[in-house]
A.B. asks: 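First the structure, then my questions, so here it is.
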Amino acid sequence: MNRIEMTSSFWRNQVFTGFLMLGVLLLSHQLLSAQKPPSQPNILFAIADDASYPHMGAYGSDWIQTPAFDRVAEQGLLFTRAYVPNPKCAPSRSIILTGRNSWQLEEAANHWPSFPQKFKVYTEALAEAGYFVGSTGKGWAPGIAVNKDGAPRHLAGTPFNRHQMEPATSGMSSTDYAENFRTFLKERPDDAPFSFWYGGFEPHRGYEWKSGLEKGGKALEEIGEVPAFFQDNDTIRTDLLDYAFEIEHFDRQLGLMLSMLEEQGELRNTLVVVTADNGMPFPRIKGQTYEYSAHMPLAIMWPAGIVRPGRVIDDVVSFADFAPTFIELAGRSWKETGMSPAVGQSLTDIFYSERGGQVTAERDYVLLGKERHDVGRPYDWGYPVRGIIRGDFLYLRNFKPERWPAGNPETGYLNTDGSPTKTYILDHRTRRGEYHYWSWNFGKRPGEELYNITDDPYCLNNLAGDPGYRQKKRELKEDLYTKLKQQNDPRMIGRGYVFDSYPYMNDANSNFYHRYRNGELTKSDAGWVNASDFEETPLPVQRQ
């Protein structure tokens, strides 16, 4: 081969090698682009009203059928340790919307508050980022939220509630959630990402008695275990089945929404989050701070973004984590939204990991707390609690143990929704061998409580006075107080009284205790309990 041929061959090889390298680079870029999650995914946030973990099929609860929730879990992530820091409707939703704990939200720490105008919420930030934002059913509620001009402030997004239907029971809402979602999608501007809040009113009370049996085709024996703080009888099992039937209605509407997104080619790039706002509306659960009160079902899917779907996640996650997740996925930094600093952390570290079980070691605790929920105590006082869950343990500090945790007996224990279960426990308080059920559900509590929630998920064996757990209790209390001080909790600086000073914004029931005792209001004015729940003269304390 002469010199010219050798030179020509050399350059051909160089050009070939160059094109090959360019091809490899282009292919690598395409692969990386394919793996990179799309920007600004749609967001469908579905929240049931009063449902506890583990009452979804994906958790093995075979007496409640939830195929839509199960699909989200199977095609996404199933969380086993998701907690709401304040287990009551309005405070829970305030935490979701702001990314802050309730003791950082002034009036919004309470139930039926006036939502402070100073706190911007994630739906408002997403609207500024170009999202089409709407809601159906129950948004942020109950309470008063207005803008500076006095106009209603729709914290969950513009309401879409025009479509109604004939509900399956007298206890269910007539809101046609799925059809309202369809209308929302039709009105969405071309190419705009959306954020939609599906707030089911179910399984909030009241229920149509025996609807689970007679309309849901259920049987009493399907329930594998009745919570140990209730009597196991037909009345309470029937009540539980009515609760299950309402969860299934919420789930059916979710299934219709998923089908719509799939038909329109939108499901792949939609982040679907399914949960509930607080525990089931039964005594010792809703509005309290125990495991069944605060431990929530949670499944999340996002076909275009979540790596290795089908994982089960054991990280401890908080409802304060939702807003930071949504803001990050919308492509905005928290600072530029103008929202108050969040304590929650985006869940994207879990989305983009391939690991199951414990993904992020630092996600190993959650703080809990409450102030005033419903009325029924003198001066509309609350029942202040703070707590921490870390590992197997739940530590609770009850700041006012002299108060009735479920509300005063003479005003019907108004912090517990009226129900067949509640009335059964109260009606049988004096029956031999059953007083302890009243004590667990309605009696006063000590200043400190400590439970091993792995061994004792019903939180019945208080270890706070056990010498063998003295060190554990001290560690958890110190950890709790340190974190609360860092978050500027008024309870930690001697200003806890401020939460009792915020007005209860439902004028019909405010100051119920004194207005009822003075004859201005009647039992029926309470609105959500049975007349027989009132104890004009508290019954004498009995021995176990």
Side-chain angles (χ1 to χ4, degrees), residues 39-47 84-86 89-110 112-161 180-181 183-185 187-189 191-199 270-273 275 277 300 318-348 505:
S39 61
Q40 292 197 315
N42 305 314
I43 298 168
L44 172 58
F45 184 74
I47 180 167
V84 55
N86 190 330
C89 301
S92 166
R93 292 159 194 259
S94 297
I95 294 165
I96 292 167
L97 288 160
T98 62
R100 294 168 68 82
N101 282 322
S102 59
W103 46 87
Q104 299 177 298
L105 293 172
E106 299 177 0
E107 294 98 322
N110 289 339
W112 259 108
S114 174
F115 191 90
Q117 293 176 359
K118 66 189 287 186
F119 294 117
K120 190 173 182 179
V121 297
Y122 83 77
T123 53
E124 295 166 336
L126 291 183
E128 293 174 354
Y131 274 71
F132 184 53
V133 180
S135 67
T136 191
K138 185 172 181 176
W140 175 83
I144 305 297
V146 296
N147 294 310
K148 291 181 179 179
D149 61 2
R153 185 180 175 195
H154 300 299
L155 300 178
T158 302
F160 283 75
N161 291 319
N180 288 320
F181 182 52
T183 298
F184 168 82
L185 292 175
E187 296 186 11
R188 167 193 176 197
D191 301 324
F194 71 76
S195 172
F196 191 77
W197 174 297
Y198 160 34
T270 298
L271 179 75
V272 181
V273 179
T275 188
D277 59 351
I300 301 178
S318 165
F319 274 29
D321 297 334
F322 292 139
T325 304
F326 301 155
I327 295 301
E328 179 187 330
L329 293 180
R332 303 199 74 189
S333 70
W334 192 267
K335 185 176 181 180
E336 67 181 314
T337 67
M339 296 174 68
S340 298
V343 295
Q345 300 294 319
S346 171
L347 298 169
T348 54
M505 298 304 292

A.B. asks: Are the charged groups of Arg100 and Glu106 less than 4.0 angstrom apart, N to O?
C.D. replies: no
A.B. asks: Can you confirm whether more than 12 heavy atoms, excluding those of Asp149, are under 6.0 Å from its CG atom?
C.D. replies: yes
A.B. asks: Under 3.5 Å, is there a donor on one side chain and an acceptor on the other for Ser92 and Asn86?
C.D. replies: no
A.B. asks: Can you confirm whether or not the ring centre of Tyr198 sits under 6.0 Å from the ring centre of Phe181?
C.D. replies: no
A.B. asks: Looking at every heavy atom in both Ala156 and Val133, which two are closest together, and how far apart are they?
C.D. replies: O-CG1, 4.3 Å
A.B. asks: Pick one: which of Ile43, Leu271, Asn42 meets side-chain contact (heavy atoms from CB on, under 4.5 Å) with Ser195?
C.D. replies: Ile43
A.B. asks: Please give me the minimum heavy-atom distance between Thr123 and Leu97, naming the atom from each residue.
C.D. replies: CG2-CD2, 4.2 Å
A.B. asks: Taking side chain to side chain contact (heavy atoms under 4.5 Å, CB included) as the definition, give me every residue that meets it alongside Gln40, ordered by chain and number, with sequence neighbours left out.
C.D. replies: Ala129, Tyr131, Pro193
A.B. asks: Could I get the full list of side chain to side chain contact (heavy atoms under 4.5 Å, CB included) partners for Ala323, not counting sequence neighbours?
C.D. replies: Tyr122, Trp334
A.B. asks: Could you tell me which non-hydrogen atom of Ser318 sits nearest to which non-hydrogen atom of Pro85, and how far apart they are?
C.D. replies: OG-CG, 3.4 Å
A.B. asks: Could you check if a side-chain atom of Val121 sits within less than 4.5 angstrom of a side-chain atom of Ile96, using non-hydrogen atoms only?
C.D. replies: no
A.B. asks: Any donor-acceptor pair under 3.5 Å linking the side chain of Lys120 with the backbone of Ala125?
C.D. replies: no
A.B. asks: Yes or no on ring-ring contact (aromatic ring centres under 6.0 Å, His included) for Phe184 and Phe194, after CA distance, side-chain angles and deciding distance?
C.D. replies: CA-CA 9 Å; Phe184 168 82; Phe194 71 76; 5.7 Å; yes
A.B. asks: Please name all residues satisfying side chain to side chain contact (heavy atoms under 4.5 Å, CB included) with Ala145, sequence neighbours left out, ordered by chain then number.
C.D. replies: Phe115, Trp140, Arg153, Leu155
A.B. asks: Which atoms form the tightest heavy-atom contact between Gln104 and Val343, and what is the distance?
C.D. replies: OE1-CG1, 3.3 Å
A.B. asks: Return yes if a side-chain donor-acceptor contact under 3.5 Å exists between Ser114 and Glu107, otherwise no.
C.D. replies: no
